S.K.: 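Before anything else, here's the structure in question.
Here the structure is a predicted model, which is why all the values come from computation and not from measurement.
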Amino acid sequence: MEPQLYFAPFNDHVYDLDLDELDPADEQTSRALARLGDWEDPCIVLAGYDQPRDRQPGRWDYFYLAHDEQMAAQGRPFFLGVHLERDTDARLVRVAVRESAMPDLAEAWLIARGADPTQLRERMQRSEYRAADAETEAAQDLLRHSGTRFDVHDSASSPGALYVTWVIATDNEAPDPARPVAVFVGHRQADSEAFTLRYGHFASIEDAYTWSRLPSEPLPRPGQPGTSRADAARLDRRPAGLTEASGLDDPPTPPAHRSGPERSR
């Protein structure tokens, strides 16, 4: 087999990795290569670099943060963390992919698999969006360096005048054990390049889903109420016209509860 891996460039850099004479190590790799090697619907690389494996001649790791337009069109998490392991001595290639609703979660997965966070950031192509404030930058930094701290349960995105993305996750290092469920929410106005990212903690996944029915509401802050079922229900009693005023054409509807965290494809 002579697999090819092709990524569309974000600007001038072309990621065209020749994998001639290497065989997929497993079925997961075969599926990933078929997906990532689609020339008609290529993923767009936002950042990528490679590094030799320490004390293991012939072995290299490749780390990519990518964007899948086809997934975005389907309303599914469209940021991809891609980890490719190349072993020229064994003539094998292994690929793992993680889908995430937010790029910082994809970065966290790559870093947990051995990527150098500084290298990733230095190679990050210029984005059309920028963090709106220091609080957004702090939330991004928390996610990027979270490792396996957050087990993601669900996410949703809603395009419109106000583009909203939220993620519900169990926080394995929650500051308050009574509120172990974290929610991250990003907002971006259609006519603005800046976006905001905020997060808060809830007592249960049920309470987090209740909040997600109106993600324009403020998230609960440390030491403030808003995490009990009663408080979460109160948040859902929206004033008339709030959807139009907030710019939410179609707020994300929480799907059926998923019992486990998201996994790699």
S.K.: Do Arg144 and Pro117 have side chains that approach each other closer than 4.5 Å (heavy atoms only, starting at C-beta)?
M.R.: no
S.K.: For the pair Phe202 and Trp211, name the ring-plane relationship: parallel under 30°, tilted 30 to 60°, perpendicular over 60°.
M.R.: tilted
S.K.: At what distance, to the nearest 0.5 angstrom, does CG of Leu80 lie from CD1 of Ile44?
M.R.: 11.0 Å
S.K.: First locate atom CE of Met102, then atom OG of Ser155, and finally report the distance between them rounded to the nearest 0.5 Å.
M.R.: 8.0 Å
S.K.: Which pair of heavy atoms, one from Ala108 and one from Ser146, lies closest together, and at what distance?
M.R.: CB-OG, 3.7 Å
S.K.: Does Arg53 have more than 12 heavy atoms from other residues, nucleotides or ligands lying within 6.0 Å of its CZ?
M.R.: yes
S.K.: Apply side-chain contact (heavy atoms from CB on, under 4.5 Å) to the pair Ser157 and Val164, showing each step before the final yes or no.
M.R.: CA-CA 6 Å; Ser157 297; Val164 180; over 6 Å; no
S.K.: Decide yes or no for Val152 and Val167: does some side-chain heavy atom of the first lie under 4.5 Å from some side-chain heavy atom of the second?
M.R.: yes
S.K.: Which atoms form the tightest heavy-atom contact between Gln140 and Ala131, and what is the distance?
M.R.: OE1-CB, 3.7 Å
S.K.: Does Asp68 reach the side chain of Phe79, with side-chain heavy atoms less than 4.5 Å apart?
M.R.: no
S.K.: Is there a side-chain contact between Tyr209 and Asp154, using heavy atoms and a 4.5 Å cut-off?
M.R.: yes
S.K.: Which of these, Asp104, Leu142, Ile168, Thr165, sits in a side-chain contact (heavy atoms from CB on, under 4.5 Å) with Phe184?
M.R.: Leu142
S.K.: Would you indicate whether the side-chain heavy atoms of Leu120 and Ile111 approach each other to under 4.5 Å?
M.R.: yes
S.K.: Glu85 and Trp60: side-chain contact (heavy atoms from CB on, under 4.5 Å), yes or no, with the steps?
M.R.: CA-CA 6 Å; Glu85 302 171 76; Trp60 286 73; over 6 Å; no
S.K.: Hey, could you give me the CZ/CG distance between Arg98 and Leu65, rounded to the nearest 0.5 Å?
M.R.: 13.5 Å
S.K.: Give me the atom names and distance for the closest heavy-atom approach of Pro77 to Met71.
M.R.: O-CE, 3.5 Å
S.K.: Quick check for you: to the nearest 0.5 Å, what is the distance between Asp50 atom CG and Gln119 atom CD?
M.R.: 9.0 Å
S.K.: Going by heavy atoms in the side chains, are Val183 and Leu219 under 4.5 Å from each other?
M.R.: yes
S.K.: Which atoms form the tightest heavy-atom contact between Arg188 and Ala194, and what is the distance?
M.R.: CG-O, 3.4 Å
S.K.: Applying salt bridge (Lys or Arg N to Asp or Glu O under 4.0 Å), run through Asp61 and Arg86 and close with a yes or a no.
M.R.: CA-CA 6 Å; Asp61 288 298; Arg86 184 173 178 172; over 6 Å; no
S.K.: Looking at Arg113 and Glu107, is any side-chain nitrogen of the basic one under 4.0 Å from a carboxylate oxygen of the acidic one?
M.R.: no
S.K.: Answer yes when Arg149 and Asp171 have at least one side-chain N-carboxylate O distance shorter than 4.0 Å, and no when they do not.
M.R.: yes
S.K.: Closest heavy-atom contact between Ala32 and Val97?
M.R.: CB-CG2, 4.0 Å
S.K.: Go through the steps to decide whether Arg35 and Glu99 satisfy the test salt bridge (Lys or Arg N to Asp or Glu O under 4.0 Å), and finish with yes or no.
M.R.: CA-CA 13 Å; Arg35 174 187 184 184; Glu99 299 167 356; 3.1 Å; yes
S.K.: Treating Ser204 as the side-chain partner and Asp207 as the backbone partner, does any N or O pair qualify as donor plus acceptor under 3.5 Å?
M.R.: yes
S.K.: Does the side chain of Leu143 come within less than 4.5 Å of Phe150's, by heavy atoms?
M.R.: yes
S.K.: Might you confirm whether atom CZ of Phe78 has over 12 heavy atoms from other residues, nucleotides or ligands at distances under 6.0 Å?
M.R.: yes
S.K.: Could you walk me through whether Tyr62 and Tyr49 satisfy the ring-ring contact (aromatic ring centres under 6.0 Å, His included) test, starting with their C-alpha distance in whole Å, then the side-chain angles of each, then the deciding distance to 0.1 Å, before giving a yes or no?
M.R.: CA-CA 6 Å; Tyr62 297 76; Tyr49 84 99; 9.3 Å; no
S.K.: Search all heavy atoms of His201 against all heavy atoms of Ala182 and return the closest pair with its distance.
M.R.: NE2-CB, 3.9 Å
S.K.: Going by the rule side chain to side chain contact (heavy atoms under 4.5 Å, CB included), which residues pair with Thr29 if we only count those two or more places apart in sequence or in a different chain?
M.R.: Pro24, Asp26, Leu33, Val93, Arg94, Val95
S.K.: Rounded to the nearest 0.5 Å, what's the gap from OG1 on Thr136 to CZ on Arg130? Could you check?
M.R.: 10.5 Å
S.K.: Could you check, using the six-membered ring where one of them is a Trp, whether His187 and Phe195 have ring centers closer than 6.0 angstrom?
M.R.: no
S.K.: Could you grab the distance from atom CH2 of Trp166 to atom OG of Ser212, nearest 0.5 Å is fine?
M.R.: 4.0 Å
